[in-house]
Structure formats: structure tokens, C-alpha cells
Amino acid sequence: MNGNADIIMELENLCYTYEDGTEALKGIDLQIRRGEKLAIMGANGSGKSTLFLTLNGIHKPTRGKLLFNGRPVEYSRKGLLDLRKKVGIVFQDPDSQLFSASVVQEISFGILNLGVPEKEAAKRVEEVMEELNILLFRNKPTHFLSGGQKKRVSIADILVMDPEMIILDEPAAALDPKHARMIDGIIDKLSEKGITVILSTHDVDRALKWADRVVLLEDGIVIREAKPDAVFQEEEVLMRTNLEKPAVLKLFETLCRAGILNENLKIPHTVQELEQYINNR
Amino acid sequence: MNGNADIIMELENLCYTYEDGTEALKGIDLQIRRGEKLAIMGANGSGKSTLFLTLNGIHKPTRGKLLFNGRPVEYSRKGLLDLRKKVGIVFQDPDSQLFSASVVQEISFGILNLGVPEKEAAKRVEEVMEELNILLFRNKPTHFLSGGQKKRVSIADILVMDPEMIILDEPAAALDPKHARMIDGIIDKLSEKGITVILSTHDVDRALKWADRVVLLEDGIVIREAKPDAVFQEEEVLMRTNLEKPAVLKLFETLCRAGILNENLKIPHTVQELEQYINNR
Amino acid sequence: MSKVHRRIFTLSVAFAIVFGFAENVSAMHIMEGYLPLNHCIVWGVVCIPFLILGFLSIKKIVEQNRRTLLILVMMGAYAFVLSALKIPSVTGSSSHPTGTGLGAILFGPAAMCVIGIIVLLFQAILLAHGGLTTLGANTFSMAIAGPFLAYGIYILCNRLKVPKSVGIFLAASLSDLFTYCVTAFQLALAHPAEVGGFRASFVEFLGIFAMTQIPLAIIEGLLAVIVIKGLEAY
Amino acid sequence: MMMIDKLAYSSRLRDKSPALKASLAVGTLLICVGARSFMVSLITIIVMGGLTVLSSRISLLKYLKLMSIPFGFMVLSTIAIVINLSDKPMDLLSVPVGSGYLAISYHSLTEGILLVMVALASVSCLYFLTLSTAMLDILEVLRRLHCPILMVELMMLIYRYIFVILDMASAITTSQHCRLGNKDFMTELRSMGQMLAVLLVRSLKRSSQLFDAMESRCYDGEIRVLRESYTAEKRELIGTAGFLAAMLAIAILCRLKGIGLW
């Protein structure tokens, strides 16, 4: 491995234009650190989904470079399989991902394609099902599963392949708060295992709470990239991407301005942290 | 019209069982007031969608009664048309609602079914398109529209029929913040016109801000029904329906407990209101 | 270059072109303008009774239950999408499934001929596969002859207690081959050879399409088996 | 994939009367196929190709690319027509194979070239129509030609749902590829089969959701919608009629003079 071992993926002036001429990515420069929690935000149509499909080789950049583990990605059959082995995508709508009638079949698809022997694959599938609490409904046909259950299966789909990086497209969309929390818990576990997690979301509160770093996309370009507390204080870039400042930040600032809290406090990332500040005042 | 003229719809022990034996509604009692903003919340699978289809006569209750404007709904062809004329549903996924590739054709379907002459219908379609800002993309085929545009067309579908009550199933799902806000604006306009609006959502912050009344469904039963500030303070029912207390309420309570705000203040519904309390302290 | 060399060169160029273009064959749709006008009309007329029968059967079903109209819609859209997808191939060439066999097994041959002509019309308009003047001929081969044979084989195999997947495979792949035989027949009839007439021409068309169609027919047969097996899991 | 559909909406001729455009395209097409003449085909290609390239915002190169879609079929079939299996050598070229010859005669070669010309000209007519007219407008023409209402309704709904199902298909295929579902031929075939199975199940489920949605808007078995009609201007009518008449005249002239090729 050459280059910086801390960088798992590097994008250099990455461009992608669709066949019909739509320029979806217009030169993205980005370094993704190994093990980091990266939130990608931007309006619909800003290029998030295209970016994700480029990161795992479904789209071949029309210009620019994609480096994985320091080496440029090769767009040969073998090179692509190697990349996709290591970089998995969990799609927003589980229905565009789940295609088997049976949960076990569904989860085993990827690992069997890796060429893992059946016995070993079966063991691994069991482990992942246990880890994501899927055992309870393992015998239900996939089309009878609830949204939250489908989501868990679609994460298991990828996790079973033991990737170094997992991309989740709007993982909490259409879930009720309880299931959204459950998915949040699963995502935290992925990070704890050392997997690099990239996540797209429209939810500023979630991004503030979770991310190590936030990347704002607008019209195929990275317009800002920094720690969430920094990004979410810049009214101007938030406006441009149609995002609102997280409620926690707004209230924290108001409380500081009103002299109730000390401005030198570390910026709170969750309602709980803010509540603690208030209680400890 | 008999009964209370303030009540547009009344459900008495409403039950619905699917052909396969699934009991989706297990005796719902509910009065819907004319012109109110009602948020129906509940975990996935709690019966919201079934309830909506029952309110507009797609499902015939297996037991119990449905009264519209004080009169029991007749499940004859004519009775159903009368009901559906007045009660419209905007479905969650526009792709399951929009049947035509042309925006104008799509919107005109409902009003022409009411027997309105073509000329008048055309005028009404134009009005609604202007109202919902559809004119800009009226000549685009449906399959080139963005999610937010499709959503607006699907609201226009219903609005053009001049209903007394509109039911929106998760109107903001899968939209980015800008489009979600745009749809919120449209929903507010509907209420201003005096239309009764029923909306399902998982977003407690939105429900707190918007609703006159919140109904919590669990497993085909109404477990709580009250003003949002009341409902969202009851930890126990929130837990049962997989919901969380809205951040604004949590912080308001903490601020009251810390003695910073006065407990007798009206409960704030938005971050702005809470900020004002802090500033005016 | 000697004369012999020239011949060999010409022939090898010809074969290179054949195999080169065989990489991208849009099934067996006869292209726009390839049939004389009288042939277009005759094939159109031949289809009419089948279409009327199919139409009446659909109309009856729809009148009994309006919900079936939308089921037919989804079947039609599905059949179109199926035929617009690229079929996997060993060589990396690109071609599309006909879906005639699969469609007939799933929807029945009567509905298939009405859905078929709509799909063929859409293919001509949206994909430039086939054409308007050749719509009749293509409908006959792909929406009538193929599906009826597929359905016949499928039923026959069921009667004979042949394993189901074998029956599906035979129905789908043989109907595919039959469709291309009919196409070759239609082309030979329209363009008889200078020497040997219709027969020589028919043999030639069969021979040339065989190179591309036999592997495709086998692939489609396999695909149909996997789809039906997959459906049984639901 | 649905390039033609996309281009149809951006054509400068989109708002012209679909009936007029269809008459021009289909009329020329019929004359072209009926005449089978080199001259008629050449004029058709120039006129139709020119009109299309000028009116739809595409480059000549892209147009030629579109024209090459039916090339595979054309080359294969034309070879079958040009090359004869003969037991005697022929006048242009003969290659001995076994006991006979693969042979080309002047006659078969000219036949082949003519056929290619006619086919290309016909495709240019088809493209003129499809690159300038949206599908729903074409369906409206069919309706006015008294195509059964049930058929027109079916086509209208099928057209809409093609795109929905196509999106589902490509989403599932993409996610399969992300999990190496295309690593080799057999895996790819199996993936596609499974995708097609689930696609059918989902499509049928959608049909029932759509029915509920339509019922809730008082659907009663007949789909009534507003139809936007574009009327043709007088000079457009005269122009089209004049062009068709001229083409017909040229076609008849070529036939009468007996100049088969020309």
C-alpha cells in the first residue's frame, strides 16, 4: 500500500456525466479517512446518489481519479469485483435492494458471490443475522417484513461481505423513530468495528449528533467540508443547500446570547448534551 | 344534515379485516372536526393506511359505522362516489397514484369523473396548477418530474375535485428539506381554505408545530387522542407508538426545571417560540 | 492480389461484419422498410383474427373485473421492460430477450397477442426495434406464433408429466427458435434468392440467424426457468 | 435507453399537430416502401433526416448513431440476400465452397443496395415521427382513428408504467451488481432471473395500489382526461400535401420509366 495509510479512499477531480449529457459530478476532490463517520448532505439532485455509485465502481468516472487504499481503481472486471467486495452500498429503498423471497437467501447472495464455500457462508450469515437481530423473523418472506426489518436485512446484505467501507443512503427514511434509533445503533456498531461509514441524510440533527465530518454537495460540487459544528454554523452554505441549522445549535446560541450558558462551552451535539449544560449551570 | 354540524366525519367502533384474515382496524372511535388539522401517528403497521382507505370508502368496514356529515356512508355506487367526491387521499408514493404521463391529463381525471363539463374542468385544472406552482413543468412528462414535483401533482389531483377533506399519507417522505417546506406551505393553504386536513407522519416536531390534534394509533386501536402538547408529554404512550418526545418540549421542560423559564408559559410548538421565551425572559 | 486472394479477403470481411454486428442484434424484429408493401399488408391481415379474439377475451375479463385492466397494464409494461433489458452473455455482446415464451406461460397466449402488438408498437416508437410497416409481420412471429407454440409446449409437457423446469425451458427456447424460423420464412418469402428461389433464401436466412439465435434461445430458456422458479418462491 | 422518448419532448416540432406529423411520416413511409426506388429513398433520407436533425436538438453524429440501431439486423439480412448459395459461379464474385459456390451477382448486389436504401429511408421516416412527437400525442392520433378505447387506455397506462418498472428493474440490477451479482455469466443470468421474478410480483402489487388510487378519485371504468389538441396551420397542411403528392409523382414516374434502380 502506498500513499497515506489513513486514507481509505481518495477522489481527485472526479467527474461523471450521464449518457444523456447530464453532468452529475463536476469535479469532486475528497479524502475519506479510514474508520471515519462521514455524512454527505445536499438537496435531491445534488449528485449524492451518483457519487455513491461512483465510489463502488458502478459508474466509471468520465474524468478524474478514484483511489482506493492508495491505488487507482481498475475498471476491469476483476478490479471492479475487488472494489465492490470492499465497498458496499445500502440503498435508500429496501425494495430496490431485496430481491429474494427468503431472508437467508437474500443475505447469502453477496457472500456466495465472493466465492466463500457454502458452509462457511451459512455460518457467517447466521452470525450477521444474530448481530442485527434478524433471527426472530428469519423465516418470514421478505415482502411481509416491516420497513425497519427490511432495512436491517438490507444492511445485513452488505455487512455479511465484510466490507471495509459501507455507504448508507438515507438509512432512516420512512422509518418510525424507534426503528430509526435501532438503525442508528447498528450504524454505531459498524463504526466500532472499524468500518468506514458514509451516510447521506437530510436530517441536520442526526448529522450533528453522529458525524465526524460533514460534506455538503451542491450541483455536483463539494461546497463545504468540515466538522459538523463548524459547517452547521455557516448560515450561507446552509441556505445554499436548503438545510436549516440544527435545533440544538440554534437553542445553544440563543442561550449563550441570553447569558444563560457560557459561550466557551464545547458545542453540544445532542439534545441530551444541551440539557446537561442547562442542568449543570 | 343531522347531528353536530362541526363534525365532518364520525367513526364508531370501526373495524376492518382483510381477506387474508389480518385485523387491521379493531374498533376505532373518532370524531373529525370540520376544518381541523389532524395528525395521525403510529408505528409502521399500526393501521394508518387501512384507516385512510376506509375513510374514503375503498375499504368497507367489516363492523362499525362511518358517518360523513352526520349521515352514515352508503356503500352503493352512488353513495361511494358522493363520499369520494368529498374525501380525497394523496398517497405516499406518487408513482402509485399518477397514472398518466401527462400532467394535465393526470390532474383532469378526478374532476372529469365528477361530470364537470370539459371547458369548466380545464379552467379549474389551470387554476389548481397555478395555485400549486405546476405551470412551469406542465408540459413535462410525469416520468421526468422530480419527487417534489410529482408530489405537487398528486396533491393537485385531489385539490381539483374541491373536496371537503384531504388525507395526506406521509406527504414529506423522501423529500429534501426545501421541497418538504414547500409541501408544508401547500398544506397550510389547504387548511386556510377551510379544508379538513388529515396527515400521517412520523415526525413529532412537524406534528407538534402543525396539528390541532394528534391521534395515536397502535395495532388498529386509537390509544390516545388530544392536543399535541398534551400527547407528546406522555412518555408511556409515546413509547408504545415508537415515538419520541419532540426536542422543543424536552428542552422547554429542562429549562423550566432549571428555573430559567416559567412553567406557566404556554407550551412552545416550535424552536422559534422557545427562542422567543428565552429572549423575552 | 490474385483473384483467389480477393475472394478470400471479401469473404472474410463479410464474416467479420456478420460476427461483428451479431454483437448487437435487437432480437429478430424485421426492421422498418424491409418488407414490400404487399407483404406488410398480408401479414397485417393474417394477425387480425388473432387480435380480435385476444381483444374480445381481454374485454370480457376487464368488464367482469375492472381491476384486471391494471393487471394487464402492468403485464404490458413488464413485457416491454423485459424486452428492453440487455440479456447477459458469455461474449459480452448485447441483445435483448424476446419474452415471448415467458409471456405466454405467465399471461396466456390470447392476452399475449394483444399485449404483444402494443409492446411491438412501443418498441418501434421508443426503441426503433422493428417498425410500423413491419408491425404485422413482427406481431405474427413474436406475439402470435411464438406464444402459441410456447403455450402448447408448456401444456403438453405438463400433460406428459415432464419435470416443470424442463417444460418451461423447452417452451421458452423452442418458441424463441420458432419465432426466428417464422421471421426467416417471412424474409425468404419477401426476398427469394436469385437462384433456388424461396427455398434457398429460407435456408440462408435460417443459417445466418442461427448463429446468433441458438445461443440466445438457450439463454432465454434458462432465464424463463429461473424467473418461474423465483415466482414460485413468492 | 429511452433516448428517443427524451428527445421527442425537446423537439422544436413538438407542438405541431401530431396528426399532421403522423400523416407526413407515415405517408412518406408508405410511398417509400411501395415505390422501392433508389431515387425516392434518397429524397426521403435527405428530407426526413434533414427535418429531424434540424428540429430535434441533436447533432448529425447522434442522429447517425440512432440510425445505426437496426444495423445488426440490416447487415445480417442483407448478406443473406446479396450472397447466393449456387451450384454455378455468378457474374460478380464466386467463392467455391464444397460442391457449390457462395456467389454474388450484379443483380443480387443491386437488389441488396436498393433494399438497404429503402430500409434506411423508412427508418428516417419513423425517426421523424418518433423524435418529434410524444407518445401520448401518437396515442391521441390512434384514438381519433377509432382504435378501440380499451386499447388506447391500455397503451396510455402502459406507457406511464414502463418508466416506473424500468426504474425498479435498474435499481434492483444495480444493487445486485454492488453485491457482485455480475461476477460471471451464470451468476448474472441467475441474478437477472431473480430480478425479473420480483419485478413481476412488485408490478402486480403496484397495479392494485394504482387501482385503489384511481377508485378513490371516482374511477368508473372509463378514463376521462382532458386532451390537448394542436391544430395544423393551413400552410403546414398545404406543404405536407404538396410534398406527399410530389413524392408520389416521382415514385410513379420512376416506375413508369421502368428505371427500376432509379
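Every chain is numbered from 1, with letters handed out A, B, ... down the list of sequences.
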**Message:** Using a strict threshold of under 4.0 Å (side-chain N to carboxylate O), is an ion pair present between D:Arg160 and B:Asp95?
**Reply:**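 Answer for the salt bridge query: yes.
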**Item:** Pairing of D:Arg206 and B:Asp93 as salt bridge, 4.0 angstrom limit
**Value:**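 Yes, D:Arg206 and B:Asp93 are salt-bridged.
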**Asked** Judged by modelled atom types alone, do B:His143 and D:Asp5 share a side-chain donor-acceptor pair under 3.5 Å?
**Response**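 Indeed, the side chains of B:His143 and D:Asp5 share at least one donor-acceptor pair under 3.5 Å.
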**Prompt:** Among side-chain atoms of B:Asn113 and D:Arg217, is any donor-acceptor pair under 3.5 angstrom?
**Reply:**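 Their side chains do not contain a donor-acceptor pair, so the 3.5 Å distance test is not met.
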Take atom [atom1] in [X]; do more than 12 heavy atoms of anything else shown fall under 6.0 Å from it?
X        : atom1 : value
B:Arg63  : CZ    : no
D:Arg144 : CZ    : no
D:Glu222 : CD    : yes
B:Glu74  : CD    : no

**Request:** Give the member of B:Pro141, B:Ser102, B:Ala121, B:Gly57 that has the highest number of heavy-atom pairs under 4.5 Å with chain D.
**Result:**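 Top count of heavy-atom pairs under 4.5 Å with chain D: B:Pro141.
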**Asked** Who among B:Ile107, B:Ile89, B:Ile158, B:Thr142 has the most heavy-atom pairs with chain D under 4.5 Å?
**Response**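 The candidate making the most pairs under 4.5 Å is B:Thr142.
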Are any of the side-chain heavy atoms of [X] and [Y] separated by less than 4.5 Å?
X        : Y        : value
B:Arg77  : D:Asp220 : yes
D:Met214 : B:Phe99  : yes
D:Cys218 : B:Met161 : yes

Measuring heavy-atom distances to chain D, does [X] have an atom under 4.5 Å in its side chain, in its backbone, in both, or in neither?
X        : result
B:Leu114 : side chain
B:Val90  : neither
B:Leu98  : both

**Prompt:** If you count heavy-atom pairs under 4.5 Å with chain B, which of D:Met156, D:Arg227, D:Met135 comes out on top?
**Reply:**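 The answer is D:Met156.
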**Prompt:** Is D:Lys6 positioned over the aromatic face of B:Phe144, cation under 6.0 angstrom from the ring centre and no more than 45 degrees off axis?
**Reply:**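 Geometry flag: set, cation within 6.0 Å and 45°.
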**Request:** Would you please go through residues 191-202 of chain D and name the residues with a non-hydrogen atom below 4.5 Å from one of chain B, in numerical order?
**Result:**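 Heavy-atom contacts from residues 191-202 of chain D to chain B are absent.
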Gap separating the [atom1] atom of [X] from the [atom2] atom of [Y], nearest 0.5 angstrom:
X        : Y        : atom1 : atom2 : result
D:Leu226 : B:Lys119 : CG    : NZ    : 12.5 Å
D:Glu215 : B:Arg84  : CD    : CZ    : 5.0 Å
B:Ile111 : D:Arg224 : CD1   : CZ    : 12.5 Å
B:Gln97  : D:Leu210 : CD    : CG    : 9.0 Å
D:Ser216 : B:Leu80  : OG    : CG    : 11.5 Å

Given a strict heavy-atom distance threshold of 4.5 Å, which part of [X] is in contact with chain B: side chain, backbone, both, or neither?
X        : value
D:Tyr219 : both
D:Ile162 : neither
D:Leu136 : side chain

**Donor-acceptor pair, side chain of D:Asp212 and main chain of B:Ile58, under 3.5 angstrom** =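 No: the side chain of D:Asp212 does not pair with the backbone of B:Ile58.
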**Request:** Give the minimum heavy-atom separation between D:Ala213 and B:Ser96, together with the two atoms involved.
**Result:**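 It is CB-O, 3.5 Å.
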